[in-house]
There are 2 protein chains.
Amino acid sequence: MNAVDHMNAVDDIAGRPREGNTMTEDTARLRQPSMADVARTAGVSAQTVSRALRGSPNVNPETRRRVLAAVEQLGYRFNSAARALSSGRSHTIGLVLLASGGYYSRSAVTAGVEAAAGAAGYAVSIATIAALDTGLMEQSLSKLADQGVDGFVIAVPLISVTRKMEDITRDIPTVTLDGSRTAGARVLGIDQREAGRVATQHLLDLGHRQVWHISGPDEWIEARRRRQGWQECLSSAGIEAPPLLEGDWSPDSGYRQGQIIAMIPEVTAVFVASDEMAFGVIRALHERGRSVPDDVSIVSVDDIALAAYSAPPLTTVRQDFYHYGAAAVALLLGEDADTEGAAGTQGDSVAASLTVRASTAPPRTH
Amino acid sequence: MNAVDHMNAVDDIAGRPREGNTMTEDTARLRQPSMADVARTAGVSAQTVSRALRGSPNVNPETRRRVLAAVEQLGYRFNSAARALSSGRSHTIGLVLLASGGYYSRSAVTAGVEAAAGAAGYAVSIATIAALDTGLMEQSLSKLADQGVDGFVIAVPLISVTRKMEDITRDIPTVTLDGSRTAGARVLGIDQREAGRVATQHLLDLGHRQVWHISGPDEWIEARRRRQGWQECLSSAGIEAPPLLEGDWSPDSGYRQGQIIAMIPEVTAVFVASDEMAFGVIRALHERGRSVPDDVSIVSVDDIALAAYSAPPLTTVRQDFYHYGAAAVALLLGEDADTEGAAGTQGDSVAASLTVRASTAPPRTH
DNA sequence: GTTACGTATGGCACCGATAACATAGGCTCG
DNA sequence: CGAGCCTATGTTATCGGTGCCATACGTAAC
């Protein structure tokens with residue numbers, strides 16, 4: 001089917017065999033040198049070249065030296081398509097991202113994945129899905145599967161896993177970041193429940209008697225877990241949780257929920273599920289004349305680069321997305337990192353830690 | 001050389017031939033179906049299958065239908081490695097990004113590139129360089145070249161172009177975003193000079209007699225051009241430009257420069273080269289008791305998602321990074337977009353437009 | 001009624017590497 | 001000293017497509 005889709009694809013760039021070259025070099029060099037060329041130059045067989053380059057133990061050091069010299073001399077670079085075809089591995093990792101939902105995290109996770117993959121000799125191919133939609137998700141996975149990726153890092157909270165997704169992730173090793181599990185996928189997760197708990201506890205410790213929560217969308221596992229942590233923390237303090245407000249991670253949704261909060265005089269502390277929403281919340285509160293943190297304390301999650309430059313600077317639970325992406329790759333490549341065990345237990349290779357700034361304070365004492 | 005580096009790479013994932021399968025299907029299906037299989041099923045030759053799938057005009061509609069049916073039935077997907085090897089095209093575009101310098105733009109450009117590439121049947125492989133360094137840049141290009149990408153989108157401001165970069169970009173079609181040109185590369189650019197002019201003019205129009213500027217780092221072409229626009233605008237208004245302050249795009253650098261600004265009473269208007277720096281500037285000003293926009297007006301560039309949620313909301317020159325990335329791919333694929341002509345002239349396919357919010361106001365009248 | 005050309009299709013070599021098997025010395029050990 | 005094994009290397013088949021050429025048929029042109 002994807003093969004069919006491809007019918008309409010445009011074939012354009014490349015193909016014109018570099019006619020623009022400075023024609024100064026001998027014409028024989030038009031084609032990139034191949035292993036056979038290296039073999040000839042070094043006076044060995046192509047197979048030996050292959051072995052030498054891949055570090056096989058059974059190669060005479062002297063031979064290896066000759067091969068490397070020939071490689072250097074000819075400027076040989078391996079052809080990854082050929083390698084992929086014959087070895088069955090593409091040395092490429094597919095990264096699935098969600099276009100909405102926090103550009104900071106996306107960008108940091110990407111950087112982490114790419115760095116770790118690159119260090120291990122893997123390339124990273126990306127697929128972004130525009131919205132949290134099962135169909136789009138399937139499409140992206142197929143697309144990457146067609147490209148022949150050796151593994152997936154899925155940085156999208158899979159809530160409902162379809163048969164097709166199962167099929168694909170069963171054939172190709174997969175690590176899901178904070179998502180739900182599929183048949184074959186391993187899950188790497190920050191302990192989001194703990195994050196929710198820490199944030200909420202911080203507010204209680206400051207003396208607040210009640211903590212409200214503006215969560216992320218219910219389809220997101222992160223959102224659910226943070227909410228869980230919030231609830232658990234409140235109930236273990238003997239407090240009944242107030243009504244839940246829900247945003248969609250965008251600053252704008254934070255603004256809208258913030259307008260509601262601003263109208264409820266008794267609110268003194270809010271746990272907001274992301275920094276970006278917190279920006280919106282604070283703005284709404286200010287517009288209604290409620291001061292942060294004097295009237296209302298705000299804690300959020302992420303610690304994006306701008307968190308320290310909010311007005312007031314945000315107290316927030318830090319998430320190290322870069323490290324997070326890198327850990328996913330490590331897990332995928334088998335250099336084991338912590339894996340999630342059962343439904344709720346998860347490795348905390350990437351710990352959640354609270355950064356206290358100025359958006360939280362003890363409640364006003366009348 | 002890269003071939004040599006590869007010696008140390010780790011080969012791990014994949015390779016274990018999906019032993020975890022639900023063994024319910026007939027054993028013959030262990031291997032993915034190939035074109036030959038499709039050909040057999042459809043009763044034609046493999047060559048015809050290839051033609052049918054690629055949309056060759058010389059295929060009988062009836063035959064094509066049979067082929068597509070066979071594809072559907074077998075769940076055939078083409079093997080991209082094989083295709084790349086035999087056709088010499090990988091259908092992959094390499095995207096080079098800079099880890100520092102604004103995660104918003106990075107993330108949006110990436111999304112744009114990926115969307116446009118995907119629509120044209122191309123995959124996107126990324127390489128992030130940690131800092132603006134010639135060596136790292138060369139490395140990234142080689143890495144992608146080794147992967148056999150068909151084209152480059154370079155979203156990094158190349159200032160000094162080395163021989164090696166020239167070599168690579170001469171062989172492989174390249175589009176540079178707002179960078180300097182290399183031998184073979186085309187350059188796509190927002191008219192940054194115009195952006196600088198628009199921003200500065202806005203402040204002058206409000207009645208300010210002088211406009212200060214906090215620029216980005218000098219190695220960045222964007223930074224230079226914005227500064228140029230600022231200078232030109234001032235000089236054509238008969239104003240002598242004040243001393244230049246320089247940041248590094250980070251909010252923190254904005255904060256530091258903002259502290260300086262705050263100490264100079266006569267400053268009433270500042271053009272800050274990026275939104276993220278503007279956050280820092282505003283914070284510094286507030287801390288010193290100077291109000292934005294009452295005491296000092298601030299205009300910046302980018303219009304990131306949080307720009308509307310700054311306190312006060314930022315007046316800023318919008319850049320549509322997503323569109324920008326998409327346009328680069330279009331240019332690369334030959335569906336011509338605007339190209340930069342000579343040194344200074346550039347296509348404005350992606351226009352710069354001012355979004356007026358609350359960080360600018362007329363100067364206080366004493 | 002040949003010639004000439006366009007359309008639909010098949011056959012085969014080949015892209016560049018790797019896996020699997022084969023081979024030839026050299027060494028160990030009973 | 002011959003069996004058995006390890007090391008270093010070569011040979012061949014193969015991965016799954018695509019490029020190029022050949023072929024067969026139908027039809028328009030002279």
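Keep in mind that this is a model prediction, so the values were computed, not measured. In what follows, every chain begins at residue 1, and chains take the letters A, B, ... in the order their sequences are listed.
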Does S87(B) or P57(B) map to a spot on DNA chain C nearer the 5' end, using the closest nucleotide for each?
P57(B)
Identify, between P61(B) and A82(B), the residue whose nearest nucleotide on DNA chain C lies closer to the 5' end.
P61(B)
Using atom names, set out every protein N or O paired with an N or O of nucleotides 10-13 of chain D below 3.5 Å, distance rounded to 0.1 Å.
from: dG10(D); atom 1: OP2; to: S45(A); atom 2: N; distance (Å): 2.7
from: dG10(D); atom 1: OP2; to: S45(A); atom 2: OG; distance (Å): 2.8
from: dG10(D); atom 1: OP2; to: T48(A); atom 2: OG1; distance (Å): 2.6
from: dG10(D); atom 1: N7; to: R51(A); atom 2: NH2; distance (Å): 3.0

Applied to residues 112-135 of chain B, the salt bridge (Lys or Arg N to Asp or Glu O under 4.0 Å) test, sequence neighbours excluded, yields K143(A)-E114(B)
Checking all strands, does N60(A) fall into the base, sugar-phosphate, or nothing category for heavy-atom contacts under 4.0 angstrom?
sugar-phosphate
Answer with base, sugar-phosphate or nothing: what part of the nucleic acid does S80(B) contact at a heavy-atom distance below 4.0 Å?
nothing
Of the candidates dT18(D), dC15(C), dT9(C), the side chain of L85(B) sits closest to dC15(C)
Check every atom of dT18(D), dT18(C), dT9(C) against the side chain of R83(B) and return the nucleotide holding the closest atom.
dT18(D)
With a 4.0 Å cutoff (strictly under), does any side-chain N or O of S34(B) reach OP1 or OP2 of dC15(D)?
no
Test side-chain contact (heavy atoms from CB on, under 4.5 Å) applied to [X] - qualifying residues, sequence neighbours left out:
| X | value |
| --- | --- |
| A82(B) | L85(A), N79(B) |
| A115(B) | Y322(B) |
| S86(A) | none |

Whole angstrom value for the distance that separates [atom2] of [N] from [atom1] of [X]:
| X | N | atom1 | atom2 | result |
| --- | --- | --- | --- | --- |
| R89(A) | dG16(C) | CZ | P | 23 Å |
| R64(B) | dT7(C) | CZ | P | 14 Å |
| R77(B) | dG16(D) | CZ | P | 15 Å |
| M35(B) | dG19(D) | CE | P | 11 Å |
| R54(A) | dA8(D) | CZ | P | 16 Å |
| L53(B) | dG16(D) | CG | C1' | 13 Å |
| N58(B) | dT7(C) | CG | P | 6 Å |
| R40(B) | dG10(C) | CZ | P | 14 Å |

Between [X] and [Y], a side-chain donor and acceptor under 3.5 Å:
| X | Y | answer |
| --- | --- | --- |
| S45(A) | T48(A) | yes |
| R54(B) | S50(B) | yes |
| S90(B) | Q147(B) | no |

Rounded to the nearest 0.5 Å, how far does CD of Q73(B) lie from OG1 of T41(B)?
5.5 Å
Could you work out how much the helix from dG1(C)-dC30(D) to dG30(C)-dC1(D) bends, comparing the axis of its first five pairs with that of its last five, to 10°?
40°
Main-chain N/O of V59(A) paired with T63(A) side-chain donor or acceptor, under 3.5 Å:
no
Side chain proximity check, L177(B) to Y324(B), heavy atoms < 4.5 angstrom
yes
